[in-house]
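Data first, discussion second: the structure below is written as structure tokens.
Convention: sequence-line order gives letters A, B, ...; per-chain numbering from 1. When reading the values below, keep in mind they use all heavy atoms of this one structure, side chains included, and skip hydrogens, waters and symmetry mates.
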Amino acid sequence: MSSAFDKLARPVQKWVRSKGWRELRQIQADSVHVVMDGNADLIVSASTAGGKTEAAFLPLISQVLDAPSERDGFDLVYIGPLKALITDQAMRLEDICREAGLPVYPWHGDVSGSVKARALKAPRGILLITPESLEALFVRRGLEIPRLFGATRAVVIDELHSVLDSERGVQMRSLLTRLEIAVKRPIRRVGLSATLGDMNMASAYLRPDNAEAVQLIEAKGGEAELLLQLRGYVSGGEDEDAPSATDAVSEHLFRHLRGSDNLVFAGARQWVEIYADRLRNLCEKAHLPQEFYPHHASLAREHRDFVEKRLKDANLPTTAVCTSTLELGIDIGDVACVAQVGAPFSVAALRQRLGRSGRREGQPAILRQYSVEARLDSESSFVDQLRLGLIRAIAMIELLLEGWCEPPRPEALHLSTLVHQILSVIAERGGAQANRLYRVLCQEGPFRRVDTGLFLDVLRAMGRPEAELIEQSSDGLLLLGAAGERIVEHYSFYAVFKTPEEFRLVADGKELGTLPIDNILTPGMLLIFSGRRWVVQEIHDLEKVILVKPAKAGVPPLFGGDPGMIHDRVIEKMFDVLEGEVEPSYMDKISLRLLSEARANFERWRFAETPVVEMGDGAWILATRCGTVKTTTLAMALGAEGFQITQHDGFLLVESGEAEQTLDQVLSEMANAATPDLFAHSPNLIFEKYHSYLTPDLLKLDALSARVDRSCLQSLCSDLRAQKATI
DNA sequence: GACCTGCTGCGGTCTG
């Protein structure tokens, strides 16, 4: 045992011995030294099941035992993004703390009131809580916060990578600042994370005012060997008897995954249902027991628990066909292979998914990428001709192999979450002065890109008679207005992310899951859901319940979705692939044929020489060579001039529509700095939960900070003004 | 052109 072991408190050493560990892992030993020898903030980065939880808690618990606090309050706080993760981690920590006599309190929406009451009565030990439940403590028990957290030595933030740049991440960072302000001292922050793309950026998120001092502990080496295959399929064949591409992919999955544990990421809930249905049929036809199950957020918790339990059970071979539900979270054990059907939306997600495979010593990680492309005919669009789906899949894999992944984008204003936090701070203290709010949220908290002028505009928008979120008393104190009061009092306030309205789907008294209300359903309609086929019997609009019974056939429902955001670097890599000659060794014969078709068409359209290709009939294709933000910006600018735009990965299809000028004239003007009003066609700018309380001007600013990039327009347009080609 | 995450306090009823 190293000297790290000697530094641990006796009961903790005893626990380590009882586990039969021969020695601490490197990240654990490193973490013991950093925690026990100073007060530094810390990020521990390793794969799932890499021992991160113990790395953080063995030394932190030791400190608590060696020098118990004289103050009231939880000694250590763990913030986790999932209820299931908190339940899991609470069990592990209880095991460590039993010997030490330290209480462990899980705290989230499903934890019983009696456990919470006990924790509130005598707060000590370890509190494991979601960001939303912590928010609720601030709103409901604002004045008790100093008592509850007076003794807190450290906050451990799990799955740090998953909240770096989201509204939820901003909320959590705001709560961390408010916690330190309430107890009037800094609290050590410990981030636990899967491998991060940019550790320095992560440090800045963890402790913005002293990022250089954040200690980084990364698990080194031990990367499993990667086995990789990309298979191409062609759909829409002229021979109707031939199996469809979906059937062919399903059969290949069936043959290669049966008998082991696997994850199939199908990209969208609708596709999850389709593939789960096909795979289920293949099992039935072969008279084999069922081992393929769907898993996504609209399925009943009960069904999802069942699939997760089966994955953990080493004796039952199980393949989950899933969305990103199984990308992070509780430990489901090692899987033999990860399959990805269709291109993913980010390299970060692909890397996270792959981390679920090849975790056992000597076992390779296996990635099977499936790409389905359309059969080409004279009517085929340029998107099909350039095989953009396949090309993106290749680009993602190439970037994965290079070790790159998307960094967070720190420039966003997050005004929706700012509205939320203003309401929350006012509720916490029963009222607040504007300058105090600004200091807490924008100077010390995470909304640092918001200056005083903008902050006052947000306050004014919240105080408008049509908003009534806040009002000002005669002495200048800001209080909750009538609507603000109503919103803050409802339990739906605590989460900062939006959720759509849904129907509940019920069969024979049992809940199957939920469906977005924009599905138009009538009795008699056939559905595929939860991997099985149903017929709709009754629809109860008021109760939002749909009753179904089993059927022989069905179609998957629509689940809707948001536009994806693809990084510039991914699109650049796609153009590298289109312009290159390399035939990656991981590609099969059909995918290579599709790649060479794409390259031939790219060449034939002369995209290598010119970014603007005239199609005739007042239509052009523009190769923007940029990711979603810049491409969207150009699309908005051209839309404002009357053109009709269709957007694709790194390309725009432009049609004259009602435009009064030619495309060349417009691009030329924009290249000379004549920036049009991007919002001329009043596009929808309400994306986030509290956006609807802001004025149009504030919404534009928020969009410009995250979804639109006006500064790129001029140079983008001058690049595009190269000579046009005609085919 | 997509995915995911979360929730209080109170009053009522039931069980041992």
Item checked: Side chain to side chain, A:Thr246 and A:Arg278, heavy atoms closer than 4.5 Å -> yes
Check: What is the per-nucleotide protein-contact pattern of nucleotides 5-16 of chain B, from the 5' end, where B denotes a base atom under 4.0 Å from a protein heavy atom, S denotes such proximity for sugar-phosphate atoms only, and - denotes neither?
Finding: BBBBS-------
Next item on the list: Pick base, sugar-phosphate or nothing for A:Gly564, based on heavy-atom distances below 4.0 Å to the nucleic acid.
Entry: base
Notebook entry, point to check: Any side-chain heavy atom of A:Thr87 sitting closer than 4.5 Å to one from A:Pro106?
Noted result: no
Next item on the list: Give a yes or no on whether a salt bridge exists between A:Lys498 and A:Glu167, defined as a side-chain N under 4.0 angstrom from a carboxylate O.
Entry: no
Margin query: Whole angstroms only, please: what is the CD-C1' distance between A:Glu502 and B:dC4?
Written below: 12 Å
Check: Just how far, in rounded Å, is P of B:dA2 from CZ of A:Arg353?
Finding: 14 Å
Margin query: Taking the side chain as everything from C-beta on, heavy atoms only, tell me whether A:Pro123 gets closer than 4.5 Å to A:Arg147.
Written below: yes
Check: For residues A:Arg168 and A:Gln171, is any side-chain donor paired with an opposing acceptor at under 3.5 Å?
Finding: no
Margin query: With a cut-off of less than 4.0 Å, is there a side-chain N or O of A:Arg269 near OP1 or OP2 of B:dC3?
Written below: yes
Next item on the list: Say whether, by atom type as modelled, one donor and one acceptor occur between the side chain of A:Arg356 and the main chain of A:Leu326 under 3.5 angstrom.
Entry: yes
Next item on the list: Could you check how far CD1 of A:Ile274 sits from C1' of B:dA2, rounded to whole Å?
Entry: 15 Å
